[in-house]
Amino acid sequence: MQDTSATDPATPAGGTAQGAARAEVQPPVKPVIAPGAAKRANASVIGMIIALALSIGTFLPIVLMNPSPKSDGYRPDVNVSAIAQNAAGVAGFTPLAPSAGDTFRPNYARWESGTGSGVATWEVGYITPKESFIGLVQTRQSNPTWLLQQVRNAPVTGTRNAGGRDWELRDSGKGDKSMVLVHRGTTVILTGPAQLDEFSALAAAVVKSLDSNPEATVSPSTAPSP
C-alpha cells in the first residue's frame, strides 16, 4: 500500500511557497509627493535658474568691456632724459640717461636725496631684452659701506670690459650680480639678475653717456627742485 502522508521536503506545508513567490515579485513602494510640495520644489528650481541667468546677463557686458591685458604686460611710459634734467640741478653731476635702444625699457627713474643712507643717488630701472632686470645707481658720494650694501655684499670676482672701460664684477652666485665703475667723478653700479651680455650692453651705453657729460664737480643740494 502506497504511503501518501509524507510531504515533499521541497514544498513548504500549507502552500506557503506560492505566497513567498508572490511576496518576492511585489514592486517596492514609492513615496508619493503631494502636488503642492512638488509645485513648490519646481518653482524653487526655476527661480534659481532665472536668478543665475540674470546674474550672468548683468556681469557679462562688464567682462566684455574690460578685456584681459595683453601678454606683454603693462609698460610704464618713463621719460628718463626729462626726469634726469629735472634732477641735474641738485645732483652735482649730470644724471645718466643712457641710450640703450628700445629693447631696454625703463620702468622707473628717480632722484633719492639719501636721507636714510647719507648718500644721494640717481636711480633708473631697466627691463632687459630677455625680460630680466638691471637697476642703475649713480652717485658722487660713494663710500665702502654704502657700496657693499648696493652690491648685496657680493665679493669681487673679476673685471668685465664694456664700453672700453674695465668694470669691477661682483657676484655671490645667488642670483643678482653687479658691475661697478668709477668714472668722471661718479660711481655707477648696475645690479640685477640679468645675463652678463645684457649687463655689457647697458654698461657700454652708460660709458658713452658718461663720456658725453661734464665731469662731476659741483656739490649736490639736499633735495631736487619740484
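As the structure is a computational prediction, the values presented were derived from the model and not from experiment.
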Contact summary for A162 and W167, nearest pair of heavy atoms:
O-NE1, 3.2 Å
Same hydrophobic cluster for I134 and V151, using side-chain heavy-atom links shorter than 4.5 Å among ILVMFWY?
no
Gap between atom CD of E131 and atom OG1 of T103 - 0.5 Å precision:
10.5 Å
Please report the shortest heavy-atom distance between D171 and T157, naming the atom on each side.
O-CG2, 3.4 Å
If you measure from CD on E168 to CD1 on I189, what distance do you get to the nearest 0.5 Å?
9.5 Å
For the hydrophobic clusters of this structure (ILVMFWY residues joined by side-chain heavy atoms under 4.5 Å, transitively), does one cluster hold both I83 and V90?
yes
Is the shortest heavy-atom distance from the side chain of V188 to the side chain of V137 under 4.5 Å?
no
For residues 78-88, which residue pairs qualify under salt bridge (charged side-chain N to carboxylate O under 4.0 Å, His left out), counting only residues two or more places apart or in two chains?
none
Under 4.0 Å between a side-chain nitrogen and a carboxylate oxygen: does that hold for E215 and R140?
no
For A154, is there any backbone N or O sitting under 3.5 Å from a side-chain donor or acceptor partner on R170?
yes
With sequence neighbours left out, which residue pairs that include part of residues 176-204 fulfil the salt bridge (charged side-chain N to carboxylate O under 4.0 Å, His left out) condition?
K130-D197, R152-D176
Roughly how far apart are D166 CG and H183 NE2, rounded to 0.5 Å?
12.0 Å
Below 4.5 Å, heavy atoms only, C-beta onward: do L169 and V180 meet side chain to side chain?
no
Smallest heavy-atom separation, S99 atom then A205 atom, equals O-CB, 3.7 Å
Keeping the roles fixed (side chain from Q141, backbone from A120), state whether a donor-acceptor pair exists under 3.5 Å.
yes
Any side-chain heavy-atom pair of T191 and F133 under 4.5 Å:
no
How would you list, by chain and number, every residue that makes a side chain to side chain donor-acceptor pair (under 3.5 Å) with N107, sequence neighbours excluded?
none
Going by heavy atoms in the side chains, are P214 and T94 under 4.5 Å from each other?
yes
Distance check, rounded to the nearest 0.5 Å: I46 atom CD1 versus M48 atom CE?
12.0 Å
P98 to L202 - nearest heavy-atom pair and separation
CG-CD1, 4.4 Å
According to a hydrophobic-cluster definition based on side-chain heavy atoms being under 4.5 Å apart (Ile, Leu, Val, Met, Phe, Trp, Tyr only), do L147 and M179 belong together?
no
Under 3.5 Å, side chain of T121 to main-chain N/O of E123, donor-acceptor pair present?
no
Does W122 use its side chain to pair, donor to acceptor, with the backbone of L96 at less than 3.5 Å?
yes
If two hydrophobic side chains count as joined below 4.5 Å and joins carry through other members, does V182 share a cluster with L136?
no
Rounded to the nearest 0.5 angstrom, the OG-CD1 distance for S132 and I127 is 8.0 Å
Where is the tightest heavy-atom contact between W111 and F93, given as atom of each residue plus distance?
CZ3-CZ, 3.8 Å
Taking S209's backbone N and O only, do any of them form a donor-acceptor pair with S212's side chain (distance below 3.5 Å, no angle check)?
yes
Determine whether F104 and L196 fall in the same hydrophobic cluster, where Ile, Leu, Val, Met, Phe, Trp and Tyr are linked whenever their side-chain heavy atoms lie under 4.5 Å apart.
yes
Taken to the nearest 0.5 Å, the spacing of N143 CG from T187 OG1 works out to 9.5 Å
Applying side chain to side chain contact (heavy atoms under 4.5 Å, CB included), run through L210 and L181 and close with a yes or a no.
CA-CA 11 Å; L210 282 170; L181 177 68; 4.2 Å; yes
T186 versus Q138, side-chain donor and acceptor atoms under 3.5 Å
yes
Indicate the atoms forming the closest heavy-atom contact of L190 with F199, along with that distance.
O-CE2, 3.4 Å
Does the side chain of V80 come within less than 4.5 Å of Y108's, by heavy atoms?
no
